[in-house]
Q: 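First the structure, which I've put down as C-alpha cells, then a few questions once you've had a look.
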Amino acid sequence: QVQLVESGGGLVQAGGSLRLSCAASGRTFSSYAMGWFRQAPGKEREFVAAISWSAGIKKYADFVKGRFTISRDNAKNTMYLQMNSLKPEDTAVYYCAASSSIATMRGADYWGQGTQVTVSS
C-alpha cells in the first residue's frame with residue numbers, strides 16, 4: 001500500500017504561484033511513477049502532469065506547458081507541482097497519484113484525497 005497526502009493548495013490571485021506537495025508513505029516511493037490530476041466543479045477529472053520514477057521522463061497536459069513544473073525528491077518521498085502564471089480556469093481540486101508507469105497513470109493504483117486550488121480573477 002502507498003498512502004498519498006497532498007498539501008499546498010489555497011487561494012491565489014490570477015498570475016500568482018503555488019507549489020503543491022504530495023507526500024508518500026508505505027511501499028517504496030521511488031519505484032512508482034507519479035502524477036497530478038485535477039477536477040473542477042461539474043467537470044471530469046483531467047490529467048495535469050506525470051513524472052517517471054527516476055524523474056527522467058516528464059509529461060504535461062497542453063494547457064499547463066510552460067506554466068507548471070513537476071518534480072520529485074525520492075529521498076524525501078515527495079513529489080511537487082510548481083504552478084506559475086495561474087489562471088482562474090486552473091481552479092480545481094488537485095490530486096496526486098502513484099502508478100507503475102506513466103502509461104498507466106490514468107488508472108493509477110493509489111490516489112490522494114486532494115487539495116483545493118482557487119485562483120481569483
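Keep in mind that what you see is a predicted model, and the values were worked out from it rather than measured.
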Q: When the aromatic ring centroids of Phe37 and Phe47 are compared, is their separation below 6.0 Å?
A: yes
Q: For Ser85, enumerate each residue passing the side-chain contact (heavy atoms from CB on, under 4.5 Å) test, keeping only those at least two apart in sequence or located in another chain.
A: Arg67
Q: Between Arg19 and Tyr80, is the side chain to side chain donor-acceptor pair (under 3.5 Å) condition met? List the steps.
A: CA-CA 7 Å; Arg19 188 175 81 154; Tyr80 305 96; 4.8 Å; no
Q: Among side-chain atoms of Asp73 and Thr78, is any donor-acceptor pair under 3.5 angstrom?
A: no
Q: Does Val119 offer a backbone N or O that forms a donor-acceptor pair with the side chain of Thr91 under 3.5 Å?
A: yes
Q: Where the side chain of Tyr95 meets the backbone of Gln39, is there a donor-acceptor pair that is under 3.5 Å apart?
A: no
Q: Would you check if there is a donor-acceptor pair between the side chains of Gln3 and Ser25 at a distance under 3.5 Å?
A: yes
Q: Is the backbone of Ala108 close enough, under 3.5 Å, to the side chain of Ser99 for a donor and an acceptor to pair up by distance?
A: no
Q: With Ala24, which residues qualify under side-chain contact (heavy atoms from CB on, under 4.5 Å), at least two apart?
A: Val2, Leu4, Phe29
Q: Would you check if the side chain of Ser52 reaches a backbone N or O of Ile57 as a donor-acceptor pair within less than 3.5 Å?
A: yes
Q: Any idea how Tyr32 and Tyr110 line up, ring-wise: parallel (<30°), tilted (30 to 60°), or perpendicular (>60°)?
A: perpendicular
Q: Can you list the steps and then say if Lys65 with Asp62 is a salt bridge (charged side-chain N to carboxylate O under 4.0 Å, His left out)?
A: CA-CA 5 Å; Lys65 284 182 179 178; Asp62 288 343; 3.2 Å; yes
Q: Tell me if a side-chain donor or acceptor on Glu6 pairs with a main-chain N or O of Gln113 at a distance below 3.5 Å.
A: yes
